[in-house]
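Only one structure is covered here, and it is reproduced in the block below.
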Amino acid sequence: MNLKVTIQLATAFLTLGVFAQQPNYEAKVDSLMKLMTLEEKIGQTVMYGGGWDKTGPTVSTDNVKFIKEGNMGAMLNVYTAKATRDLQKIAVEESRLGIPILFGYDVIHGHRTIFPINLGMAASWDMNMIENYSRIAAEEASAEGLHWTFSPMVDIARDPRWGRISEGAGEDVYLGSEIAKAYVKGYQGDDLSKNNTILACSKHYVAYGAAQAGRDYHTVNMSEDELRNVYLPPFKATVDVGVETFMSAFNELNGVPTSGNKFTLRDILHDEWKFNGFVVSDYTSVNEMIPHGFAKDSIDAARIGMNAGVDMDMMGHLYRKFLKDLVAEGKVDEATINDACRRILLTKFKLGLFDDPYRYSDEKRQQETIYKPEFLKAAREAAAASSVLLQNNNNALPLDKTKTIALIGPLAKDEYHINGNWGGAGDRKGKSVSVFEGLQEFLKDNQIIYAKGCDIVKDDEKGFQEAIDAAKKADVVLLVMGEDHGMSGEAASRTNLKIPGIQPKLIKKIREAVPNKKIVLVLMNGRPLNLSEEISQVDAILEAWFPGTMGGSGVCDVLFGNYNPSAKLTFTFP
């Protein structure tokens with residue numbers, strides 16, 4: 001920042017009482033915007049991302065250039081205290097006005113300490129637990145330089161084929177609304193100026209969960225009555241508790257893409273609900289108005305998106321490239337861009353980034369915060385509280401600590417898929433506790449007879465006999481089966497809702513081999529599955545979802561009766 005501009009900015013801020021105890025954020029924003037060029041205002045509406053390699057975060061030279069020019073307001077997929085500090089230093093010390101940038105990341109069900117997937121957490125019906133786990137996620141994320149999470153996903157979903165059902169609260173509107181509020185309270189806390197809070201983002205606005213045939217990014221058609229009574233209430237609930245940001249969705253709604261939908265973005269969100277935060281597009285969802293057939297080209301998409309009410313363009317390049325010309329041509333009013341810029345800057349002031357741009361980037365705090373023992377304890381409790389006992393015939397559960405157990409299945413020793421699709425920055429290479437490791441807390445090694453049996457999806461029965469032999473030797477059979485973590489989440493729709501691969505066949509073979517032994521099935525998956533065959537072949541079924549970092553321990557707490565299973569489904573199983 002040059003000396004002349006520094007003096008101008010300092011004088012303007014002091015005149016408006018910037019350093020007074022009671023902050024007047026709106027006045028500060030107005031003062032700052034008087035110094036900004038149109039290009040710099042547009043720059044606040046631009047979000048680009050970083051990458052990741054073996055040595056840590058990476059950022060392209062183009063993005064560094066945009067930061068220096070004041071042409072980027074936020075960054076995606078960059079975290080750690082050092083990486084965010086280094087980039088923030090460029091923004092603050094090498095750009096003309098020194099405006100700090102926002103760092104956002106997909107902290108969906110935990111940051112480093114991964115909790116059960118959101119559908120699993122919803123099954124706990126425990127708002128205090130959900131708020132507490134969101135608070136832990138905010139503690140860890142903020143300690144690694146992050147200001148913003150793209151969560152909660154509050155879409156009501158009623159089609160189990162849709163992969164993103166794993167990220168929501170299920171099919172009930174009231175429950176979904178209560179859970180949505182708990183997430184926002186956990187992430188944002190009671191004071192955004194504290195450095196252990198992060199911005200929540202209410203997504204995907206709106207009706208994304210109603211995509212036809214459960215196909216991701218697909219079209220949605222519904223009456224306004226259904227929209228207002230089923231899909232809008234959880235979003236309104238987040239506004240009521242002060243959510244700071246919204247994300248526009250990928251889908252179109254009644255022929256109009258939600259990233260170009262003035263009715264939902266301006267008429268409802270701003271005019272009816274009086275939402276004062278800002279709206280970010282989902283990843284290139286402004287661009288995707290072109291394949292939807294709603295925008296004729298990239299310029300047209302930029303025009304539609306900004307005019308409709310999308311304040312920030314995530315990864316689309318469209319606002320940076322085309323908004324200035326659209327203003328010159330009279331197709332976008334400069335006042336519209338001013339409004340978007342003002343909303344984004346206001347959020348940065350609320351976070352305290354203008355007081356101390358580096359307040360979130362403290363390496364000592366990072367080391368002291370991530371994977372705290374109390375966080376891991378909470379994750380273990382959450383895994384137990386989210387596990388749903390679907391069936392328990394013949395008193396198969398709880399397990400007897402004096403018996404031998406045949407532990408069988410592709411997920412029995414898994415430490416990778418257990419974190420789920422949105423595993424954040426969680427360690428998948430040894431930190432997560434598998435069911436096998438959980439069993440070792442309760443049994444001696446000679447009481448556990450392990451056999452993988454088969455893979456999740458590969459059609460290879462070579463391991464069947466070893467699994468059958470293990471079942472014959474043991475007193476009880478414990479199967480740990482389910483989905484690959486990539487089978488749920490974004491762009492992961494399924495038409496076949498059975499347990500995938502040849503796992504059902506292995507279950508059948510084991511039952512035939514040991515017709516009189518108790519068989520317990522633990523499921524790890526991201527959606528409701530069709531278990532119509534399995535319910536007659538096994539005695540007990542425990543739905544553990546993808547239970548996260550401490551999943552194996554939490555699941556075994558339920559299996560051995562240390563925790564009485566209390567979770568209830570929030571979604572109908574087919």
Side-chain angles (χ1 to χ4, degrees), residues 112-116 120 371-387 389 396-420 423 426-456 463 466-482 485 503 506 510 514 517-524 538-565:
R112 290 287 187 177
T113 302
I114 306 303
F115 287 77
Y371 293 126
K372 277 185 178 179
E374 56 263 42
F375 294 172
L376 296 174
K377 181 175 182 287
R380 178 173 184 157
E381 292 169 353
S386 300
S387 296
L389 186 62
L397 291 176
L399 297 175
D400 187 335
K401 295 177 185 177
T402 67
K403 304 293 186 181
T404 56
I405 291 178
L407 179 64
I408 298 168
L411 292 167
K413 282 190 173 182
D414 171 71
E415 297 176 2
Y416 186 83
H417 301 291
I418 199 168
N419 279 4
D427 185 349
R428 297 182 187 265
K429 299 177 180 178
K431 187 71 176 179
S432 296
V433 178
S434 67
V435 173
F436 176 77
E437 291 169 314
L439 281 182
Q440 290 178 315
E441 297 180 39
F442 292 87
L443 303 174
K444 297 174 182 177
D445 288 346
N446 62 4
Q447 290 179 273
I448 305 171
I449 306 169
Y450 168 75
K452 183 178 181 181
C454 65
D455 290 317
I456 296 173
E466 182 186 7
I468 291 168
D469 291 343
K472 288 179 178 179
K473 293 175 186 175
D475 297 316
V476 179
V477 178
L478 179 61
L479 307 173
V480 189
M481 297 181 170
H485 81 283
Q503 295 175 91
L506 178 57
I510 289 174
V514 290
K517 286 186 181 178
K518 292 177 181 177
I519 300 178
V520 176
L521 172 61
V522 173
L523 289 170
M524 292 189 188
V538 303
D539 298 280
I541 303 177
L542 185 69
E543 174 57 84
W545 315 103
F546 289 115
T549 301
M550 297 300 294
S553 296
V555 167
C556 286
D557 284 337
V558 176
L559 293 176
F560 285 96
N562 281 13
Y563 184 93
N564 189 34

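These values consider heavy atoms only, across backbone and side chains, with no hydrogens, waters or symmetry-generated copies.
Although no hydrogens or angles enter the test, the distance criterion places a donor-acceptor pair under 3.5 Å between the side chain of Lys517 and the main chain of Lys472. No side-chain donor-acceptor contact under 3.5 Å links Glu437 to the backbone of Ser553. Without hydrogens or angle criteria, Tyr563 side chain to Gly554 main chain gives no donor-acceptor distance under 3.5 Å. For Glu466 (side chain) and Gly463 (main-chain N/O), no donor-acceptor pair under 3.5 Å exists by modelled atom type. Gln503 places no side-chain N or O within donor-acceptor distance of the main-chain N or O of Cys454, the cut-off being under 3.5 Å. Not a single donor-acceptor pair under 3.5 Å links the side chain of Lys473 to the backbone N or O of Ile449. Without hydrogens or angle criteria, Lys413 side chain to Lys452 main chain gives no donor-acceptor distance under 3.5 Å.
The shortest non-hydrogen separation linking Lys518 to Ala396 is CD-CA, 3.8 Å. The shortest heavy-atom contact between Thr113 and Ala379 is CG2-CB, 3.7 Å. Taking each heavy atom of Ile418 and Ser434 in turn, the nearest pair found is CD1-CA, 4.4 Å. Contact detail for Ser387 and Ala544: the closest heavy-atom pair is OG-CA, 4.0 Å. Nearest approach of Lys401 to Gln447, heavy atoms of both residues: O-NE2, 2.8 Å. Closest non-hydrogen pair, Ala383 versus Gly551, comes out as CB-CA, 4.0 Å.
Residues Gln440 and Asp445 meet the side-chain proximity criterion, which asks for heavy atoms closer than 4.5 Å. For the pair Leu411/Tyr416, no side-chain contact is recorded, criterion being any heavy-atom separation below 4.5 Å from C-beta on. Contact annotation: the side chain of Trp545 never approaches that of Pro116 to less than 4.5 Å [non-hydrogen atoms, C-beta and beyond]. Looking at heavy atoms from C-beta onward, Ile519 lies in side-chain contact with Leu479 at the 4.5 angstrom threshold. At a threshold of 4.5 Å between non-hydrogen side-chain atoms, the residues Leu506 and Ile408 count as touching. Taking 4.5 Å as the limit, every side-chain heavy atom of Asp427 sits out of range of all side-chain heavy atoms of Ser432. Side-chain contact between Ile448 and Ile405 is absent, with no heavy atoms from C-beta onward closer than 4.5 Å. Side-chain contact between Leu443 and Leu399 is absent, with no heavy-atom pair separated by less than 4.5 Å.
The CG atom of Asp414 lies 8.5 Å from the CG atom of Asn419; values are rounded to the nearest 0.5 Å. Taking CG of Leu397 as the start and CG of Leu389 as the end, the distance is 6.0 Å to the nearest 0.5 Å. Rounded to the nearest 0.5 angstrom, His485 NE2 and Phe546 CZ are separated by 8.0 Å. Here Ile114 contributes atom CD1 and Met550 contributes atom CE; the two are 13.0 Å apart, rounded to the nearest 0.5 Å. Rounding to the nearest 0.5 Å places OG1 of Thr549 at 9.5 Å from CZ of Arg428. Atoms CG and CD, from Leu376 and Glu381 in turn, are 11.0 Å apart once rounded to the nearest 0.5 Å.
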- Message: Applying side-chain contact (heavy atoms from CB on, under 4.5 Å) to Leu542 and Leu559, what does each step give before you reach the verdict?
- Response: CA-CA 8 Å; Leu542 185 69; Leu559 293 176; 3.9 Å; yes
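If you check the side chains of Asp475 and Thr404, you find a donor sitting under 3.5 Å from an acceptor.
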